Amino acid sequence: MAERIEGHGGQLALAALRAYGVREMFTLSGGHVFPLYDAAHTTGFPIYDVRHEQSAVFAAEAVAKLQRRPGLAVLTAGPGVTNGISGLTSAYFNASPVVVLGGRAPAFRWGSGSLQEIDHVPLVAPVTKHAETVLATDDIPRAVGAAVTAALTPHRGPVFLDLPLEVVFSVADVDAPDAAAVAPVEADPDEVARAAGLIAGAHRPVIVAGSDVWTGDAVEALRAAAEALQVPVFTNGMGRGALPPGHPLAFAKARRAALGGADLVVVVGTPLDFRLGFGDFGDAAVVHVVDSPGQRAQHVQPAAAPAGDLRLVLTAFADHPGDRVDHADWIAQLRTAEEAAKARDAEAMAADTDPIRPARVYGELRRVLAPDAITIGDGGDFVSYAGKYLEPAQPGTWLDPGPYGCLGTGMGYAMGARVSHPDRQVCVLMGDGAAGFSLMDVESLVRQRLPVVIVVGNNGIWGLEKHPMQAMYGYDVAADLQPELRYDRVVEALGGAGETVAKAADLGPALERAFAAGVPYLVNVLTDPADAYPRSSNLA
Ligand SMILES: Cc1ncc(C[n+]2csc(CCOP(=O)(O)OP(=O)(O)O)c2C)c(N)n1
Ligand SMILES: [Mg+2]
């Protein structure tokens, strides 16, 4: 006979989530969700609270991304849930297994005009894998199990449950919740073999590996496949660092030469979206390796598109038995392009200009960041430069907002990162515009003793919008911010510390102080507003 547990709705929900390895909640208070707090408080389950619900969901997403397990945000009914929708949507685009539990006005008098009464489910259904109202207390373990299983099943993503007031406050006696394992789905072996044959037979193949390689625990298999078939590898998203920077097949800067010269582009675990030119690589054929059939692009005709567990697919590539074309010349050609680009970057990162160029900020940061540091990008041009100049040494250490491109992830991601890795450096790279979305949550970080370093690229503008608008119209509107604003003093006022840096030579010592501070610390770098990140497209 299964063990039984008795408890209120909050206790039953938390017991079910614990079974799936959930170890903390991120939240902002509201009476509708008090039983979830009671369940946590009485059992020593950590509660981290924030100043805006977006930060709670972003924090849960950072946990999900970094630890590859469900991250939990608890949001109160109505505005609590609606404030979390950009976070849910980001998690949906990023395939992050985020679980949002919402409070909900009482079901028994639905329609009578209770406080914060709104049906959340149709609002969040388009951006979740599973959205459901739990109608009975004793149904909570089943509902949580179904939701979390959906979140963890490739292609992963966020899920939402709301609990009407009387459902979460009532008591029930149920079977003790158990976690269902998600079995890996094997791709069609013929399709896998065809893809492997195409790679082995190509003369100038390239692999582009994305976040699902990290999430699907396929990093080792990727390396094995690349080495066995001798294919250069580029990465994006959480896949960055999958091959360590010194690896002979790891490339970052020769992308244009690679994608322009390739005869086969193998895209693994990332969509063929705007970041990859929508999968149009000129004359090159495309192999798209995805973790589930729904991820196959509809707008591209790939030569092969195996869909299934990425580790199994990549291991099969590594074990490909047939002949293979020698790629040594191709690899050498790309290495030359890579080295030339590296030399150009090194020069930019040493720039001793006044005002400071963003590239120099990253030149200095590279000196102080440890190989396992978590770096978080939240901003426009300043973050594009971070992507260009920072080279994550390990996978699962780089957090960008992903293809939804939502500003405001900064402090939430920082909280989730600090909770996930208490002993590592956590560094947020933030535009001054982006700072406006979440900087108040420094207060949450200070109060809960979660130190992080925030480096603001303070150009006094919404740079990624101002420069393109100028280029398009010859003028710009709604693109200016207060120049030289003291964001470091904002952090000081919230209980942290910081300083403003105006000279390139002062950057290094300021960063050293920041990482030694032991409290949230903001380095407010006055950067050159004339500096625009070079882009092929003006729309961002
Ligand atoms: C929530 C949200 N609002 C607006 C945008 C559009 N947007 C993209 S980048 C950007 C400018 C960011 O400015 P800042 O953070 O100062 O970075 P900079 O480009 O100046 O380096 C804006 C407004 C967005 N991506 N997300
Ligand atoms: Mg700016």
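All figures in this text were calculated on a predicted structure; none of them were measured in a lab.
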Approximate separation, where rounding is to 0.5 Å, of Leu445 CG and Leu439 CG: 9.5 Å
Any donor-acceptor N/O pair, Thr270 side chain to Gly210 backbone, under 3.5 Å: no
Close side-chain approach of Leu249 and Glu227, heavy atoms under 4.5 Å: yes
Spacing of CG belonging to Leu14 relative to CZ belonging to Arg18, to within rounding of 0.5 Å: 5.5 Å
Close side-chain approach of Val361 to Leu511, heavy-atom, < 4.5 Å: no
CZ (Arg357) with more than 12 external heavy atoms under 6.0 Å: no
Heavy-atom closest pair, residues Pro403 and Asp273: CB-OD2, 3.6 Å
Asn458 side-chain N/O to Leu485 backbone N/O, donor-acceptor pair under 3.5 Å: yes
side-chain contact (heavy atoms from CB on, under 4.5 Å) evaluation trace for Ser438 with Gln54: CA-CA 8 Å; Ser438 78; Gln54 65 171 357; 4.2 Å; yes
Contact check, side chains of Leu66 and Ile374, non-hydrogen atoms, under 4.5 Å: yes
Side chain to side chain, Leu276 and Arg255, heavy atoms closer than 4.5 Å: yes
Check: Thr500 main-chain N/O paired with Asp488 side-chain donor or acceptor under 3.5 Å: yes
Under 3.5 Å donor-acceptor, Gln448 side chain and Ser444 backbone: yes
Sequence neighbours excluded, every pair satisfying salt bridge (Lys or Arg N to Asp or Glu O under 4.0 Å) that has a member inside residues 378-404: Asp345-Lys388, Arg366-Glu391, Asp381-Arg535
Distance (rounded to the nearest 0.5 Å) between Leu399 CG and Glu61 CD: 8.0 Å
Electrostatic pair Arg223-Glu220, nearest N-O below 4.0 angstrom: yes
NE2/His247: more than 12 non-hydrogen atoms of other groups inside 6.0 Å: yes
Donor-acceptor pair, side chain of Glu465 and main chain of Ala479, under 3.5 angstrom: no
Worked verdict on Asp372 versus Gln394 for side chain to side chain donor-acceptor pair (under 3.5 Å): CA-CA 6 Å; Asp372 65 352; Gln394 296 177 12; 5.4 Å; no
Arg447 atom CZ, over 12 foreign heavy atoms within 6.0 Å: yes
Inter-residue atom distance Leu429.CG - Ile376.CD1, 0.5 Å rounding: 8.5 Å
Heavy-atom closest pair, residues Gly157 and Lys129: N-CD, 3.6 Å
Gap between atom SG of Cys406 and atom CZ of Phe58 - 0.5 Å precision: 4.0 Å
Ser90 versus Tyr404, closest heavy-atom pair with distance: OG-CD2, 3.5 Å
Asp291 vs Arg156, side-chain contact (heavy atoms from CB on, under 4.5 Å): CA-CA, chis, key distance, verdict: CA-CA 9 Å; Asp291 65 5; Arg156 300 167 187 82; 3.8 Å; yes
Exam field: side chain Asn524 to backbone Gly498, donor-acceptor pair closer than 3.5 Å: no
Student check: side-chain heavy atoms of Val455 and Val428 closer than 4.5 Å: no
Shortest non-hydrogen contact from Ala221 toward Thr315: CB-OG1, 3.6 Å
Minimal non-hydrogen separation, Val446 against Gly496, with atom names: CG2-N, 3.7 Å
Residue pair Gly416 / Ala62: nearest heavy atoms and the distance that separates them: CA-CB, 3.8 Å
Donor-acceptor under 3.5 Å (Arg275 side chain, Asn236 main chain): no
Gap separating the CG atom of Asp531 from the CG atom of Asn459, nearest 0.5 angstrom: 8.5 Å
Minimum side-chain heavy-atom gap Tyr413-Lys65 below 4.5 Å: yes
Ring centre gap for Tyr385 and Tyr362 strictly below 6.0 Å: no
Note, Ile461 side chain near Leu481 side chain (heavy atom, < 4.5 Å): no
Exam field: side chain Asn83 to backbone Glu53, donor-acceptor pair closer than 3.5 Å: no
Contact check, side chains of Val231 and Val266, non-hydrogen atoms, under 4.5 Å: no
Check against salt bridge (charged side-chain N to carboxylate O under 4.0 Å, His left out), Arg367 and Glu364: CA-CA 5 Å; Arg367 283 185 235 277; Glu364 298 296 331; 3.6 Å; yes
Distance flag, aromatic centroids of Tyr37 and Phe45, threshold under 6.0 Å: no
Criterion side-chain contact (heavy atoms from CB on, under 4.5 Å) on Tyr487 and Ile454, from CA distance to verdict: CA-CA 10 Å; Tyr487 295 96; Ile454 306 151; over 6 Å; no
Donor-acceptor under 3.5 Å (Thr27 side chain, Ser29 main chain): no
Residue Glu484 excluded, over 12 heavy atoms near CD under 6.0 Å: no
Verdict with reasoning, Gln333 to Arg204, per side chain to side chain donor-acceptor pair (under 3.5 Å): CA-CA 10 Å; Gln333 186 188 327; Arg204 296 178 309 283; over 6 Å; no
Arg51 and Asp441 ion-paired at < 4.0 Å: no
Main-chain N/O of Ala332 paired with His327 side-chain donor or acceptor, under 3.5 Å: no
Steps toward side-chain contact (heavy atoms from CB on, under 4.5 Å) verdict (Val63, Phe26): CA-CA 10 Å; Val63 164; Phe26 300 96; 3.7 Å; yes
Under-4.0 Å salt bridge between Arg360 and Glu347: no
